[in-house]
Each structure stands twice: as structure tokens, then as C-alpha cells.
Amino acid sequence: MSREKIFALVDCNNFYVSCERLFNPIIKNRPAVVLSNNDSCVISRSNEAKNLGIKMGDPLFKIENKINLYNIAVFSSNFSLYGDISSRVMEIIRKFSPDIEIYSIDEAFINLTDINMNLDNYGISIVKTVEQWTGIPVSVGMATTKTLAKIATSIAKKHKKFRGFFNMTRHSDIKRILEITPIDDVWGIGHKYAKKTKYFRIENAYQFSKLPDTFIKKYFSVNGLKTAMELRGVSVIPMELFSTRKSIVVSRSFKEPLMELDELKAAFVYFSTLAGEKLRRERVETKFIKIFIKTNRFDKGNYLYNEDFMLLPNYTNTTKDIINTSLLLLNRIYHNNIKYKKAGILFTNLVSSNNKQWDIFCNSAEYKKKNQLSKSMDTINKRYGSYTVKYANINLSSKFLPSQKRKSKEYTTNWKELATVK
DNA sequence: TCTGGGGTCCTAGGACCC
DNA sequence: TCTGGGGTCCTAGGACCC
């Protein structure tokens, strides 16, 4: 029998808002929110904003009143800033265990099974170190499975008295904790499954964990069964240490619907540029390029979705190839007099640039030339800011560009916007 | 009126083959 | 045209996550 595993989840508190606060100490205790693309809806809230009843996903127009009434600080999202802060946080967490799974921009699991130290001290030390070195507050939860660690973290976050850390590994009363954990708070139980559990009169995590396996599998599939096992303390969701990306998407909703082909073309040049950068950053390539255009999904009865794809003869990650392909596909699926509200480009079947198969007919000299051009552009744009150099046909003044009226500066990633010291 | 973007995994069902 | 079983592979759609 192998030793019981120990997982810790490190979760940044209100991550995007916390990032904004680093550079705006003035809003330290003011309620604050960060908005999604086009400044449409709320995607991050400070504790004060949560206490004012602002919900995740609330559209901006719905909370205008509260914003004025309570002087809420509002930010457009600034993902290059958040991404940069995130990687700093992750590097610090890595010092506590190299066995790390970066689960999302603001969360990481670490495996502490082989750490021969007092776990309580270790957990408190993680919370303190990350906060001191980056200024980002985090919560840490420990347990014998990832699903339980999720619960432990939310307890650490919810109750001030724990100071950001909760250890569930040797808790004498896990049953009691699961009983007070609503089933829809459990990792792996989403909207639809929560509704089903209600139907079966399952209210909390403990009740769910006690259901017969065959029943769970029938109504909640194997993933539901995994969740139940993990709640019972049996670790069945392993750490994913070397996840390789399987798909890449770049898509945007337009503030104003686009109708003209030229407008959409500009949008796809923009998407292709971002998508190419992403492929190269991840060191992957693709043959499979799909694009889609669609109308407003809330416009019932008139919803229209069009997509098309192409399988390229050779793997690529060069912006030029992606632009050419996406414009060709756009010509195929575009129709007159349609109000397109959202569009995007998608790559699947990615392969690593390092070990891809060379095709017999691939012109490798041509390939290397295009590749070199793309890479040089990336280097320049990284150093001097996005779109310092770009393909001539990209038209950044077009109306497809996301509207971000309240964006903070790129303090850490753009030379032109370094924070100034007063 | 306004309602994001980017991912992964599982399953059911169709196409195709013997 | 109808008849049957069994297997694989692929894809669309649905579920979940942040």
C-alpha cells in the first residue's frame, strides 16, 4: 500500500483585481472589478465588490448604479499584465515543490507527498512568501486528493481566522466538512449536474460521495464518478506535469456587429497575427486551421453560425500562412447583409515544433525564411510593444478592435508603460 | 439596448468495413 | 430490397473548468 498522497492548491485571491491593485495602491480598500473584453461583464471582483452583491459575469450596464453609488473602481482587462504577474507567482510556488501543475492563470497544484516537513508551517510559509515577494494574496488548501484540496482552499479563503491556509490532510472530521459543502460548490459539478443532484435530493458533497458507483456513472458519467472517489479520499485525478496544448483559439466579440467583408478581413488579419504569436510562443505548429463567424447568439430565431476549415499540406506557425488561409476561408463562408457579432480562428492537432515530421514535399528553405521573419517580429513586438511591426494589411483603426476604455497600463511588459515612481 | 475568451474530456451516433 | 452482428474511427455536441 503506497503512502497517502498530499496535494496543495495555491489559489490567488481575486487575481485580476489584485494585479490592478499592485499598481494602484489607492484602491487598496475600495471595491474594485475587472471587466471582460469590450468592457462587457465582470470577470473579477474584490471582496468589497462581492459584499456589495456584484456577481461573476454581471453585465456592466446592470451594475452602473452600484458603481456610482459605492465608488467602485472599474478596469478593462489587461491580460499581458496578468500573465506576467502570474508567471512570477508560479516561479515562487515552484520553489516549494517542483512537482507543480499550473492549472490556470491564478491556480497551481503542487504535490507535497514527499515533503518531510511540518505541513502547517509549510502551507503558512507559501502564503506569506508569495504575498511578500509579489504582493498577490493567495489561499492554500491541503488534502489527500485534488478535489478535496479545492474544498480546503475555499475554506481557507472564506474564513479569515485561517489566515489563508487550511490543512485537511489529517482532519478528524472530513465528513462534517463535506456535509456543509453544497454540492454545486464541488469541483466537477457544474450547472447541469447541480440541477440533476437537486432532482435526486442530493444537497451536499457528503451525500454525493455516498451514492452507488453505478448510479453516479449512469447520470454523471465517469467524471462524476471520479469526483465521488476523490471526495471519499481516493486520489484518481493525477497531477498533469507535462501537459501539451491540444488546441489554440483566438476569438472576439465585436462591440458593433460587422457586415462588410473588408471589416471582417481586417479582423481575421488581427486574429491571425495573435494566433501566430501564440503558436510560436507555445512552440507548436499545425496543419488544421478552422475559422468561424457568427451572429448574436442572444438573437433568438436569427442565430447564424458559419465555419470552414482547411488541412494544409505542411505544418506551419507562420503568420503569413495563417493570414492567407483564414482570408481564403472567410471568402468561402462570408455572406452579405449579415450582422456578424463574433468571429475566431482555431487550431487543433498541434505538434511540437521540435519533433514534427518533415513532409516530403515541404520546401524547407522557404519555410525557414517565413519562420525567421515571424520570429523577428515577435522579438521586436515583445520588446517595444505589440504591433510595433506588423503585416501591412493589418488595419488597427478598424472598428473590430475591442473597446477597452478603462485599461491600466502594461507596467511590466511594455517599455513605454513602465510604472513611474513619484 | 448592453450579456467574454480560452481551454479539456466524454459520449452518442453516424459512416464504413467485414 | 430485405436481412444481422460486430468492430473501428470520427465528429458534433454537451458537460466541465478558469
Side-chain angles (χ1 to χ4, degrees), chain A residues 9-16 33-45 54-65 67 75-79 82-83 86 101-109 146-147 150 153-154 183-197 216-227 230 236-238 240 243-257 271 274-275 278-279 281-282 284 288 290 292 294 296-300 303 305 307 309 311 339 341-350 402-405:
Chain A
L9 174 65
V10 186
D11 191 351
C12 300
N13 301 342
N14 316 329
F15 183 57
Y16 301 157
V33 297
V34 171
L35 303 174
S36 66
N37 194 37
N38 287 327
D39 295 342
S40 310
C41 55
V42 174
I43 54 171
S44 180
R45 308 156 292 157
I54 292 174
K55 299 267 180 309
M56 196 70 167
D58 273 354
L60 180 59
F61 71 93
K62 268 192 185 166
I63 59 166
E64 292 282 9
N65 280 341
I67 289 171
F75 295 90
S76 302
S77 44
N78 183 347
F79 283 101
Y82 311 150
S86 170
E101 173 186 342
I102 297 173
Y103 180 67
S104 74
I105 193 166
D106 66 343
E107 275 176 73
F109 287 101
K146 286 165 86 178
T147 304
K150 273 271 185 185
T153 306
S154 75
I183 184 62
D184 39 355
D185 283 359
V186 173
W187 189 45
I189 305 294
H191 249 79
K192 296 280 166 111
Y193 283 2
K195 222 171 155 184
K196 253 191 220 180
T197 55
I216 297 176
K217 188 149 185 247
K218 181 171 176 194
Y219 293 104
F220 304 92
S221 111
V222 297
N223 287 330
L225 187 54
K226 281 184 188 169
T227 300
E230 290 242 321
V236 291
I237 304 176
E240 300 208 2
S243 80
T244 47
R245 195 182 293 285
K246 294 175 181 63
S247 67
I248 283 178
V249 178
V250 174
S251 71
R252 294 286 184 277
S253 295
F254 309 122
K255 189 99 189 167
E256 299 290 330
F271 295 155
L274 294 183
K278 228 167 173 177
L279 283 172
R281 204 180 316 130
E282 300 276 337
V284 287
F288 187 93
K290 178 162 110 177
F292 67 86
K294 58 188 191 176
N296 192 340
R297 71 193 158 104
F298 297 100
D299 187 3
K300 296 219 161 53
Y303 179 60
Y305 175 90
E307 64 174 32
F309 70 91
L311 197 56
K339 288 181 176 172
K341 182 66 178 158
K342 183 172 178 176
I345 182 164
L346 186 144
F347 309 130
T348 55
N349 301 57
L350 305 178
S403 107
Q404 295 203 301
K405 295 197 178 124

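Worth knowing before you read on, the calculation uses all heavy atoms, side chains too, and leaves out hydrogens, waters and symmetry mates.
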Given that both distances must come in under 3.5 Å, which nucleotide forms a Watson-Crick or G-U wobble pair with B/dC18?
-> C/dG5

Starting from P on B/dT3, measure out to CG on A/Leu35 and report it in whole angstrom.
-> 13 Å

A/Lys341 side-chain proximity, nearest of B/dT3, B/dT11, C/dC17 | B/dT3

From CG of A/Leu225 across to P of B/dC9 the rounded distance in Å is 18 Å

Ignoring the backbone of A/Ile43, work out which of B/dG6, B/dG4, C/dC16 is nearest its side chain.
-> B/dG4

Whole angstrom is fine here: how far is it from CZ in A/Phe292 over to P in B/dG4?
-> 12 Å

From the candidates B/dG6, B/dG4, B/dT3, the one with an atom nearest any side-chain atom of A/Pro59 is B/dT3

Could you go through the side chain to side chain contact (heavy atoms under 4.5 Å, CB included) check for A/Leu35 and A/Ile43 one step at a time?
-> CA-CA 6 Å; A/Leu35 303 174; A/Ile43 54 171; 5.9 Å; no

OP1 or OP2 of B/dG7 sitting under 4.0 Å from any side-chain N/O of A/Lys278?
-> yes

Does A/Asn223 put a side-chain nitrogen or oxygen below 4.0 Å from OP1 or OP2 of C/dC16?
-> no

Please confirm whether the backbone N or O of A/Ile63 pairs with a side-chain atom of A/Asp58, one donor and one acceptor, at under 3.5 Å?
-> no

Taking the inter-plane angle between the rings of A/Tyr305 and A/Tyr303 on a 0 to 90° scale, is it parallel (under 30°), tilted (30 to 60°) or perpendicular (over 60°)?
-> tilted

Taking OP1 and OP2 of B/dG6, is either one under 4.0 Å from a side-chain nitrogen or oxygen of A/Ser251?
-> yes

Using a cut-off of 4.0 Å on non-hydrogen atoms, how would the nucleic acid contact of A/Val186 be classed: base, sugar-phosphate, or nothing?
-> sugar-phosphate

Name the nucleic acid region contacted by A/Lys342, choosing base, sugar-phosphate or nothing; use a 4.0 angstrom heavy-atom cut-off, strictly under.
-> sugar-phosphate

Tell me: CD of A/Glu101 to P of C/dC17, nearest whole Å?
-> 15 Å

How far does the C1' atom of B/dG4 sit from the matching atom of C/dC17, given to the nearest Å?
-> 15 Å

Below 4.0 angstrom from OP1 or OP2 of B/dG6, is there any side-chain N or O of A/Arg252?
-> yes

NA contact type, A/Ile189, heavy-atom cut-off 4.0 Å: base, sugar-phosphate, or nothing?
-> sugar-phosphate

Check ion pair A/Glu240-A/Lys146 (N to O, under 4.0 angstrom) | no

OP1 or OP2 of C/dA15 sitting under 4.0 Å from any side-chain N/O of A/Lys192?
-> yes

Decide if the gap between the ring center of A/Tyr193 and the ring center of A/Tyr219 is smaller than 6.0 angstrom.
-> no

Can you label the angle between the A/Tyr103 ring and the A/Trp187 ring as parallel, tilted or perpendicular, going by 30° and 60°?
-> perpendicular

Mapping A/Ser221 and A/Tyr16 to their closest nucleotides on DNA chain B, which lands nearer the 5' end?
-> A/Tyr16

Which of B/dT3, B/dG5, C/dC18 is nearest the side chain of A/Asn296? It is B/dT3

With a non-hydrogen cut-off below 4.0 angstrom, is A/Phe79 in contact with a base, only sugar-phosphate, or nothing?
-> nothing

Closer than 4.0 Å, any side-chain N/O of A/Ser104 to the OP1 or OP2 of B/dG7?
-> no

Nucleotide nearest A/Asn37 (side chain, heavy atoms from C-beta), chosen from B/dG7, B/dT11, B/dG5 | B/dG5

Please give, in whole Å, the distance from B/dT8 P to A/Tyr103 OH?
-> 12 Å

Could you tell me the separation between the CZ atom of A/Arg45 and the C1' atom of B/dG4, rounded to a whole number of Å?
-> 15 Å

Does A/Lys150 make a side-chain N or O approach to OP1 or OP2 of C/dC17 shorter than 4.0 Å?
-> no

The reported gap from CG in A/Leu346 to CZ in A/Phe288 (rounded to nearest 0.5 angstrom) is 7.5 Å

Between A/Asp39 (CG) and B/dG5 (C1'), how many Å, whole number?
-> 14 Å

With nearest nucleotides of DNA chain B determined for A/Phe61 and A/Glu240 from heavy-atom distances, which residue corresponds to the more 5′ nucleotide?
-> A/Phe61

With a non-hydrogen cut-off below 4.0 angstrom, is A/Phe220 in contact with a base, only sugar-phosphate, or nothing?
-> nothing

Touch check for A/Leu60, heavy atoms < 4.0 angstrom, all strands: base, sugar-phosphate only, or nothing?
-> nothing

Choose from B/dG6, B/dT3, B/dC9 the nucleotide whose nearest atom is closest to any side-chain atom of A/Cys41.
-> B/dT3

Check the distance between C/dG14's C1' and A/Tyr305's OH and give it to me in whole angstrom.
-> 14 Å

Measure from the side-chain heavy atoms of A/Asp106 and tell me the nearest of C/dC16, C/dC18, B/dT3.
-> C/dC18

With respect to the side chain of A/Glu107, which nucleotide from B/dG4, B/dG7, C/dC18 is positioned closest?
-> C/dC18

